[in-house]
Number of protein chains: 2
Amino acid sequence: MGTENAGTEQRQPVMADVAKLAGVSHQTVSRVLNGAPHVRPDTRERVLAAIRELDYRPNSAARALVTRRSQTLGVVSFDSTLYGPASMLEGIERAARSAGYFVSVTSLRSLDGRSVQEAVDRLRDQGVEGVVVIAPQTSTVSAVARLSSSVPLVAVGSGNQTQVPMVSVGNRYGAGVATGHLLDLGHRTVHHVAGPANWLESQDREEGWRLALQAAGAPVPEVERGDWSARSGYQAGLRIAELPDVTAVFCANDHMALGLLRALHEAGRSVPDEISVVGFDDIPEAAYFIPPLTTVRQDFGELGRRALELLVEELEGGSTSRAHAQISPEMVLRRSVAPANRR
Amino acid sequence: MGTENAGTEQRQPVMADVAKLAGVSHQTVSRVLNGAPHVRPDTRERVLAAIRELDYRPNSAARALVTRRSQTLGVVSFDSTLYGPASMLEGIERAARSAGYFVSVTSLRSLDGRSVQEAVDRLRDQGVEGVVVIAPQTSTVSAVARLSSSVPLVAVGSGNQTQVPMVSVGNRYGAGVATGHLLDLGHRTVHHVAGPANWLESQDREEGWRLALQAAGAPVPEVERGDWSARSGYQAGLRIAELPDVTAVFCANDHMALGLLRALHEAGRSVPDEISVVGFDDIPEAAYFIPPLTTVRQDFGELGRRALELLVEELEGGSTSRAHAQISPEMVLRRSVAPANRR
DNA sequence: TGGAGAAGTGTTAACGCTCACAAGAGCTCC
DNA sequence: GGAGCTCTTGTGAGCGTTAACACTTCTCCA
């Protein structure tokens, strides 16, 4: 018996094997694979048949080596367990797939700049062609801006950093609409449970809230600050329940609103009869809170999709557009809000 | 001026550049990079200095080509927006990183077998060394079992498919404990809001619930079926609220329990005074439902981690262990449960 | 003092693919 | 009827790395 192909150990077929079986040169196989023109139909058929027969798969490393393109994009995210980041990731992945890219993810250990640099370096070492950073914190964004990286990069989050192309939600706008809605209902002012101070989203939502109050000539109460979690919303709620004349609260996200609702419930303050509550995000559960939560919807999936489009554009169009795309949030009215009692 | 390095267009440095700068051969650079023995300390230093100076990064495609190892693992997931899959993904990514692998994700378009095959093929084309499939549905799992794939593969989910190594949560056990707990509190029986019929997790939890009832000689009420969403839990809740003698409900997940709580609230049925409710998963918000939800915690992150360990073991140890690892869930007691009223 | 073996380094050949170019076949057009 | 096309296919040279092996210089002990 021959020496080659001994035992069960047969290596993966390569292009040359396909070529031999089809009776053509390896280059013709390559042409078929890459849809090059000027291949006679019957030749193409023979090649395809050989490919099927051998179950041949092109070696992506070899291709990447010579083309200098890995067909892979990287995504850096912080807490991909949260609904927002997870949805963005999914949006990014879907968009990447339909643009013909693979997606490699890596999560941040911590929020300092070093960690961001590490993550991006890791992706670069893997040979990604571009990177999307899901970077909602000031520290992350500024780290990204400082990043020494030769890789095209898009950030998705908030803020108006001009260094880096970015896709973001109109947080200020959304917060303004929510606050304005409450004021229009006759509430003298609106309290605010803000997110962490170092998140851009917090800052923007807080600013939108503040500006809306000022524009209406309403007093600006002191902010309660949470960390996005339901727990922190609950604690803020306990404090707010102590205040005598609160009639409306705008929470920087739905999870904190959930905690707030429970705190108010336990304190015997009825929502919306005594106090109106508005959240932000429109997580799928918000409609099933007690009572159903009025909130500001942002389309995370779309956010991810747009970020990826921007990256691909930069990658393929070559246009280093410093564009900032913005996505408008939209208010969703539910039962947690009512007109102020005119006492 | 010279012809090379004209203008700003300078290519990435390669190993040969480092070698030249350090005055050694490229092989010595390779040795330094890969921590090979028998390199004189001062040579190593010179090489490292050259690497730093040029900001050299090894080309992963070239390395992958020759070593036949991509250092990349693939993850297939279905709805990575849900808390469970998202947490698993995060657990997998972290574990992969510390084992020295990159992670490439792809999500399923739909739940049929073709879609699973497509996803795995896609990852294979990219050259992943192994795949983790987050496959909680019967269809997915059986598709995985049928999969024609030469790539090592681990499933994470539920069920007792023997074809494929798998990591799963003790769903039956957890459901049994939850049901038993309610029975112990004096409830005559426990109603159940199940998940989708084609999910293994649903099936196992339902079975655990049923067995516990039977073991206690309790009647087995008809199952209400949802789709994991709060909305479906709400609808099940509306139906359950109509039933006269319900005193305890076990929901197959926390989101449906949230919907159920609201339906009961609207129907004026007090939880836990009239009806006790138990969920499953222990999502972070469960502690802030009204009332706080008693539930069965499963550690998704750990699940992902274990799946990855299994895969790496198979990859590196070569042991094609057909092992099924199980993770025990744990009951978390909160206020949504009370002893039955002895009327 | 010589020579075996270890330590340290270099040379060459893959890995599997695409790109640039060459070259034959068949056609058109004056 | 042959110059000049286009269509179709093949040949050879890399891409940047690691693996295998060869070679030179030490070290150490008989």
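No experiment lies behind these values; they were computed from the predicted model shown. Quick note: numbers below take in every heavy atom, side chains included, and nothing from hydrogens, waters or symmetry partners. Residue numbers start from 1 in every chain, and the chains themselves are labelled A, B, ... in the order their sequence lines are given, proteins ahead of strands.
- Near-neighbour residues of DNA chain C inside residues 48-56 of chain A, defined by a heavy atom below 4.0 Å, number-ordered: A/Y56.
- Of the listed residues (A/V167, A/L310, A/V156), just one forms a side chain to side chain contact (heavy atoms under 4.5 Å, CB included) with A/V132, and that residue is A/V156.
- Chain A approaches DNA chain C over the interval C/dG16 to C/dA20, counting the first and last nucleotide 5' to 3' with an atom under 4.0 Å from its heavy atoms.
- Within residues 27-37 of chain A, the residues that place at least one heavy atom under 4.0 Å from DNA chain D are, in residue-number order, A/Q27, A/T28, A/R31.
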Hey, mind stepping through B/T72 and B/V128 against side chain to side chain contact (heavy atoms under 4.5 Å, CB included) and telling me if it holds? CA-CA 5 Å; B/T72 303; B/V128 299; 3.9 Å; yes
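- Remark on the helix from C/dT1-D/dA30 to C/dC30-D/dG1: inter-end axis angle 50°, axes from five-pair C1' superpositions, rounded to 10°.
- Listed by chain and number, the residues in a side-chain contact (heavy atoms from CB on, under 4.5 Å) with A/D112 are A/S110, A/R114, A/S115 (sequence neighbours excluded).
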Side chain to side chain contact (heavy atoms under 4.5 Å, CB included) evaluation trace for A/E309 with A/E313: CA-CA 6 Å; A/E309 273 168 21; A/E313 191 177 301; 5.7 Å; no
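- Within the structure, the salt bridge (Lys or Arg N to Asp or Glu O under 4.0 Å) test picks out the following pairs touching residues 12-24 of chain A (sequence neighbours left out): A/R11-A/D17.
- In summary, contact between chain A and DNA chain D, defined as any nucleotide atom under 4.0 Å from a heavy atom of the protein, begins and ends at D/dC7 to D/dG16 in the 5' to 3' direction.
- Partners of B/I51 according to the side-chain contact (heavy atoms from CB on, under 4.5 Å) rule, which considers only residues two or more places apart in sequence or in another chain, are B/V18, B/L33, B/V47, B/L48, B/Y56.
- Along DNA chain C, the nucleotide nearest B/V66 and the nucleotide nearest B/G23 are compared for position; the residue whose nucleotide lies closer to the 5' end is B/G23.
- Not counting sequence neighbours, the partners of A/E302 by the side-chain hydrogen bond (donor to acceptor under 3.5 Å, both in side chains) test are A/R305.
- Heavy atoms of B/T43 sit under 4.0 angstrom from primed sugar atoms or phosphate atoms, though from no base atom.
- Under the side-chain hydrogen bond (donor to acceptor under 3.5 Å, both in side chains) criterion, A/E129 pairs with A/R69, sequence neighbours left out.
- Under the side-chain contact (heavy atoms from CB on, under 4.5 Å) criterion, B/S80 pairs with A/E90, B/S77, sequence neighbours left out.
- Remark: A/Q126 engages A/S104 in a side-chain hydrogen bond (donor to acceptor under 3.5 Å, both in side chains) (not counting sequence neighbours).
- The two atoms that bring A/R52 and A/E45 nearest to each other are NH2-OE1, 4.1 Å, heavy atoms only.
- Here the side chains of B/V151 and B/L123 are not in contact, with every heavy-atom distance at 4.5 Å or above.
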